[in-house]
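In what follows, a single structure is set out as structure tokens and then discussed.
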Amino acid sequence: MPDFNVGLVGCGAVADWHADRGYAMLTDLVRLAAVCDTRPDRAEALAGRYDARPYTDLAEMLANPAIQGVDLCVPHHLHASLALQALAAGKHVLVEKPIATTLEDAERMVALAAQRGLTLCVSEQYPFSTPFRRARELIQAGEIGKLVTVRTHRVGYLGGIWMRDGWRQNATVAGGGMLLDQGCHYTSIARMMAGDVESVAAFTANTRADWVGDDTATLILRFKSGLIGEALYCWGTRTSDVGAECYVYGERGHLQVDSGAPSLVLYRPDLPDGRQILIDAAEPHDVFARIIEDWTLAALGRRAPTMPGAQGLEDLRVVMAAYRSARSGRVEPVAAS
Ligand SMILES: NC(=O)c1ccc[n+]([C@@H]2O[C@H](COP(=O)([O-])OP(=O)(O)OC[C@H]3O[C@@H](n4cnc5c(N)ncnc54)[C@H](O)[C@@H]3O)[C@@H](O)[C@H]2O)c1
């Protein structure tokens, strides 16, 4: 018998990943017992595949005492209100990234979870991803020498199912554009490699006629360590080879880290070809199982969570400082709200 019953809210694109790559692989530990979507067709379709109970009303699902955890896979502007509602009902919460669309909302979520003794986690996968974790270990082991700088990179073209419902490409509705959507992920990567960020200078731009708000952004980061780095975001280019998601440069060499193959390459002049492929495979799709397992075990009191709300809040602080900088034209401190 599974130890933990979850109700998943928002049966759209990413919900299928949580279900098929997550709950389906963790059936001894956790049961997808209920699903909820304001669109009954989507709730019923997902419920049917998992023998879960479909709901269209969150309050009704939250009133079900068998549900211990709520997994939120809804649009960004709904994260905070639905998470606060679930926490107030005494449920543990896993919320998709970004934790919220304002720092105040994210702080409220973290505070309520702490006050109620509930586990709030954020579904950001890079802290669970093998190549990224291994890269951090190699940096700490001195394999590239003293750390010099870091660059993250999220470039491509968004379309298809990700734009199906219209909210994501409308920053006015979603509470932010591409930078809000992807910024938490790539901030978490930068922080894994180089530590917390102290201040940010940023520009945002709109390059697509079918997009309202930022679809492109560039950030210069100053880390608390004194190091500097950069992040480039763009959803406006149809190209087949976009480059790796992260480059970490040290005095002796550098690491190229990606979720596609090869996912971890060490470049150093003393190596036979000047480089060594350390992981010659794409990151397996089971990273969502690791996220859900971590949240479940934390909620059951069996481990400290890897990606608690406080970490999601720290990533959001960098994104919000970048938006402030893009508006003000100044370097903005991360700590300020
Ligand atoms: N971690 C990742 O790699 C990753 C990847 C994709 C999406 N996401 C995140 O997942 C979340 C959802 O994105 P998506 O692409 O699946 O969106 P989507 O538009 O495909 O799905 C959202 C679903 O929520 C439903 N919904 C809207 N309001 C609701 C409400 N009040 N109650 C219940 N259901 C409601 C919609 O009907 C829709 O089915 C976002 O936060 C997004 O950033 C994360």
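Whatever order the structure lists ligands and atoms in, that order sets their numbers, starting from 1.
Looking only at heavy atoms of the protein, atom 21 (O) of ligand 1 is closest to G12 CA, 3.3 Å. Residue, atom and distance of the protein heavy atom nearest to atom 24 (O) of ligand 1 are G10 CA, 3.4 Å. When only non-hydrogen protein atoms are considered, atom 35 (C) of ligand 1 lies nearest to T38 OG1, 3.6 Å. Regarding atom 22 (C) of ligand 1, its nearest protein heavy-atom neighbour is C73 O, 3.6 Å. Looking only at heavy atoms of the protein, atom 28 (N) of ligand 1 is closest to L78 CD1, 3.2 Å. Taking atom 1 (N) of ligand 1 as the reference point, the nearest protein heavy-atom neighbour is Q125 OE1, 3.0 Å. The protein non-hydrogen atom at the shortest distance from atom 7 (C) of ligand 1 is R168 NH2, 3.4 Å. Taking atom 38 (C) of ligand 1 as the reference point, the nearest protein heavy-atom neighbour is R42 NH1, 3.2 Å.
Note on R49 versus D16: salt bridge recorded, some NZ/NE/NH1/NH2 to OD/OE distance being below 4.0 Å.
Scanning P75, C36, C11, G166 for the heavy atom closest to atom 27 (C) of ligand 1 points to P75.
Taking the six-membered ring for Trp and thresholds of 30 and 60 degrees, H18 and F288 have ring planes inclined between 30 and 60 degrees apart. Aromatic ring orientation, W295 versus F4: perpendicular (interplanar angle above 60°, classes split at 30° and 60°). Ring geometry for W162 versus W17: interplanar angle over 60°, hence perpendicular rather than tilted (30 to 60°).
Under 4.0 Å from ligand 1, the heavy atoms of D181 that appear belong solely to its side chain.
Annotation for ligand 1: atoms under 4.0 Å from non-hydrogen atoms of H185 are 1 (N), 2 (C), 3 (O). Heavy-atom proximity to S123, at under 4.0 Å, picks out these atoms of ligand 1: 1 (N).
Within the structure, the closest approach of R164 to ligand 1 falls below 4.0 Å when heavy atoms are considered. Heavy atoms of L58 come nearer than 4.0 angstrom to ligand 1 in no pair at all.
A cation-pi arrangement, defined by a distance under 6.0 Å to the six-membered ring centre and an angle within 45 degrees of its axis, is absent between R154 and Y186. For R238 and Y157, the positive end sits near the middle of the six-membered ring, less than 6.0 Å away and at most 45° from its axis.
Taken together through direct or relayed side-chain contacts under 4.5 Å among Ile, Leu, Val, Met, Phe, Trp and Tyr, L219 and L232 form parts of separate hydrophobic clusters.
Inclusion of W17 in the set of residues having an N or O under 3.5 Å from an N or O of ligand 1 is not warranted. Ligand 1 has no nitrogen or oxygen under 3.5 angstrom from a nitrogen or oxygen of W162. Checking only distances, A13 does come within under 3.5 Å of ligand 1, N or O to N or O. Residue D37 has at least one N or O atom closer than 3.5 Å to an N or O atom of ligand 1. Annotation: V14 places an N or O atom under 3.5 Å from an N or O atom of ligand 1; distance criterion only.
Proximity of a side-chain donor or acceptor of K97 to a complementary backbone N or O of H185 within less than 3.5 Å is not detected. Side-chain N or O atoms of D215 include none that pairs as donor or acceptor with a backbone N or O of W235 at under 3.5 Å. Judged by distance alone, with hydrogens and angles left aside, the side-chain atoms of T187 form a donor-acceptor pair with the main-chain N or O of G183 at under 3.5 Å.
With 3.5 Å as the limit, one finds no donor-acceptor pair spanning the side chains of R275 and Q256.
Between V35 and the choices V6, D71, L46, the side chain to side chain contact (heavy atoms under 4.5 Å, CB included) rule is met once, by L46.
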